[in-house]
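Presented below is the structure to which this report refers.
Everything numeric here is computed off the predicted structure, so don't read it as measured data. Convention: sequence-line order gives letters A, B, ...; per-chain numbering from 1.
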Number of protein chains: 2
Amino acid sequence: MNNSQELTPIVRRPLHEEAADRLRDLIVQGRLVAGIRLNERLLTLQLGVSRTPLREAFKVLATEGLVELLPNRGAIVSQMDPVRLAETLAVMGALEALAGEFACMNATEAQINEIRALHYEMLAHHARGDLAGYFKFNQAIHLKIVKYSGNAVLFNAYRQMNGNVRRARYMANLSQERWDAAVREHGAILAALSARDVKRIKGLLSDHLAHKLSSVLADLKTLSTRQAA
Amino acid sequence: MNNSQELTPIVRRPLHEEAADRLRDLIVQGRLVAGIRLNERLLTLQLGVSRTPLREAFKVLATEGLVELLPNRGAIVSQMDPVRLAETLAVMGALEALAGEFACMNATEAQINEIRALHYEMLAHHARGDLAGYFKFNQAIHLKIVKYSGNAVLFNAYRQMNGNVRRARYMANLSQERWDAAVREHGAILAALSARDVKRIKGLLSDHLAHKLSSVLADLKTLSTRQAA
DNA sequence: ATTGTTCATTTTGTATGCAGAATACAAAAT
DNA sequence: ATTTTGTATTCTGCATACAAAATGAACAAT
């Protein structure tokens with residue numbers, strides 16, 4: 001039976017999953033900002049589902065760390081304070097360093113070329129000074145590296161933390177110097193990956209994330225002093 | 001206010017949390033083995049709660065990776081196949097190496113002494129050849145190191161993976177040589193921690209977990225060949 | 001002005017009801 | 001005898017009902 005038309009199995013996703021995805025996106029994109037309350041009645045109306053699947057979605061997002069459940073008081077979008085942000089970035093650095101090693105060993109040439117393509121796209125946005133576009137591809141590259149590590153557990157942990165961190169929108173004001181340096185670092189990372197240089201990529205990724213961390217911390221400091229003033 | 005009687009805040013835990021904890025314990029302890037179905041009706045009777053909080057607990061455990069939700073077909077305790085186990089241990093190794101660095105920098109002397117005490121308890125069980133007791137303190141030491149890293153995000157991620165891995169009960173038959181070696185490694189780790197030797201502890205913990213990983217893999221291999229025979 | 005009290009309203013936590021999907025099992029057909 | 005089909009039963013997914021808790025407004029007391 002060589003039927004040309006795909007005989008794909010029918011999938012009906014549970015409502016709680018759909019709801020969780022929608023809410024997750026809203027939070028990660030920053031359309032639901034930290035601290036605001038998630039009104040059940042309102043959300044049931046907006047999402048068109050009843051409270052049961054919605055509340056199930058809350059539980060999922062809570063264990064992912066995106067929302068906080070206050071007993072008898074509902075759910076709020078969890079805060080991403082500087083301490084937690086720094087802690088998360090530190091862990092992501094370690095995860096990504098490990099991922100780099102595995103990717104060096106396990107990634108196919110096609111996968112590396114895919115990363116290379118993303119790298120050039122990123123360079124294009126950097127050249128044009130398009131920060132938003134740059135971030136998009138920067139994100140994609142980092143995720144792909146972890147993905148191509150071939151370690152699903154690693155990927156899941158990383159992806160979750162990445163979602164948690166992204167909504168902080170920390171790098172709004174990245175200095176040109178830091179930006180240029182980051183791009184150079186990315187070049188070195190790609191070179192190490194292409195050369196399958198396990199030893200080297202580990203250090204490069206660790207350093208890269210460490211730089212990101214200190215840059216973020218510096219940014220946060222200026223923000224907080226600016227607020228104080 | 002040096003009040004002798006604990007002034008612990010009043011907590012009324014939601015039923016879904018209670019249920020999740022109970023189920024989590026049952027799974028981690030291996031009393032609910034991988035693959036078996038979690039019958040809702042039965043569990044509501046056994047836990048004395050209705051289906052709603054129970055199902056909410058399922059969602060939590062599912063995002064933690066302990067159970068798997070099969071749409072319209074209920075929940076089963078998720079499988080911990082060798083691949084996933086290996087992947088998880090690899091990640092835990094990286095996390096613990098990072099934790100060791102932080103612990104070297106952040107842990108108080110009292111905390112290090114607490115780990116030292118656990119270490120000696122562990123040595124006692126090793127000397128007596130008490131594997132179960134050994135594991136208990138071994139676990140405790142590793143968790144404390146991560147805890148005393150002072151990085152809550154790191155600790156959470158590690159603890160979750162640890163729970164996921166523990167139920168595999170992989171080290172049932174640990175060779176005496178490997179056991180002795182592990183104990184020696186622990187001694188070195190403690191020494192590095194006491195000396196606040198950041199560089200050294202990182203390598204030691206990485207190696208320690210790598211050894212554990214290969215030992216587990218070897219064990220799994222013998223198990224599977226034994227089953228095949 | 002601040003604190004406390006009462007009560008109506010809103011919102012959350014849990015239980016339950018109902019429709020539909022999956023499973024089990026018996027009857028029919030090959 | 002084995003596979004296939006039809007039917008009853010069980011179980012899940014979701015909606016809803018109800019009780020407990022929180023919120024807020026109006027008002028009294030300090």
Side-chain angles (χ1 to χ4, degrees), chain A residues 1 7-27 31-79, chain B residues 7-27 32-79:
Chain A
M1 89 139 107
L7 197 51
T8 139
I10 298 162
V11 281
R12 293 214 313 131
R13 303 188 64 211
L15 288 187
H16 72 88
E17 213 171 294
E18 204 83 40
D21 285 354
R22 295 277 287 273
L23 291 174
R24 192 184 297 107
D25 284 349
L26 289 174
I27 295 171
R31 300 183 52 157
L32 284 174
V33 295
I36 77 163
R37 257 187 78 186
L38 299 173
N39 186 303
E40 286 184 7
R41 192 178 51 81
L42 199 66
L43 286 172
T44 56
L45 293 175
Q46 292 179 340
L47 295 177
V49 300
S50 82
R51 286 176 60 214
T52 305
L54 179 66
R55 286 171 56 80
E56 289 174 346
F58 282 0
K59 305 294 179 294
V60 170
L61 297 174
T63 69
E64 288 178 1
L66 287 172
V67 313
E68 204 171 328
L69 300 176
L70 311 176
N72 291 319
R73 226 173 298 183
I76 60 171
V77 177
S78 68
Q79 300 286 342
Chain B
L7 197 49
T8 146
I10 298 163
V11 281
R12 296 216 311 126
R13 307 187 63 211
L15 288 187
H16 72 87
E17 213 171 294
E18 204 83 40
D21 285 353
R22 294 278 286 274
L23 291 175
R24 192 184 297 107
D25 284 349
L26 289 174
I27 294 172
L32 284 174
V33 295
I36 76 164
R37 259 189 75 185
L38 298 172
N39 186 303
E40 285 184 7
R41 192 178 50 82
L42 199 66
L43 285 172
T44 56
L45 292 175
Q46 293 178 339
L47 295 177
V49 301
S50 79
R51 287 176 59 213
T52 306
L54 179 65
R55 286 170 58 81
E56 289 175 347
F58 282 0
K59 305 294 178 295
V60 170
L61 297 175
T63 68
E64 288 178 0
L66 287 172
V67 313
E68 204 172 327
L69 300 177
L70 311 176
N72 291 321
R73 232 174 292 183
I76 60 171
V77 177
S78 68
Q79 298 287 343

Considering only distance and modelled atom types, tabulate donor-acceptor pairs under 3.5 Å from the side chains of residues 53-60 of chain B, sequence neighbours left out.
unit_1	atom_1	unit_2	atom_2	d
B:Arg55	NH1	B:Glu40	OE2	2.7
B:Lys59	NZ	B:Arg55	O	3.4

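A 4.0 Å heavy-atom criterion places the boundary nucleotides of DNA chain C facing chain A at C:dT11 to C:dT14, written 5' to 3'.
Here B:Asp25 pairs with B:Gln29 under the side-chain contact (heavy atoms from CB on, under 4.5 Å) rule; sequence neighbours left out. By the side-chain hydrogen bond (donor to acceptor under 3.5 Å, both in side chains) test, B:Ser78 is found to be paired with B:Arg167, residues two or more places apart in sequence or in another chain being considered. For A:Arg41, the side-chain contact (heavy atoms from CB on, under 4.5 Å) partners are A:Asn39, A:Leu45, not counting sequence neighbours. By the side-chain contact (heavy atoms from CB on, under 4.5 Å) test, B:Gln46 is found to be paired with B:Leu42, B:Leu43, residues two or more places apart in sequence or in another chain being considered. For A:Arg12, the salt bridge (charged side-chain N to carboxylate O under 4.0 Å, His left out) criterion is met by no residue, not counting sequence neighbours. For A:Arg31, there are no side-chain hydrogen bond (donor to acceptor under 3.5 Å, both in side chains) partners, not counting sequence neighbours. In this view, A:Asn72 satisfies the side-chain contact (heavy atoms from CB on, under 4.5 Å) rule with no residue, not counting sequence neighbours. Every residue two or more places apart in sequence or in another chain that forms a side-chain hydrogen bond (donor to acceptor under 3.5 Å, both in side chains) with B:Thr63 is listed here: A:Thr63.
Counting only heavy atoms from C-beta outward, the side chains of B:Val33 and B:Val77 never approach each other to under 4.5 Å.
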Within the 4.0 Å limit for protein heavy atoms, which parts of nucleotides 9-17 of chain D are touched? Write it as a string from 5' to 3', B for base, S for sugar-phosphate only, - for none. --SBBSBBB
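Helical stems in DNA chain C, defined as runs of 3 or more consecutive Watson-Crick or G-U wobble pairs with donor-acceptor distances under 3.5 Å: C:1-30 with D:1-30.
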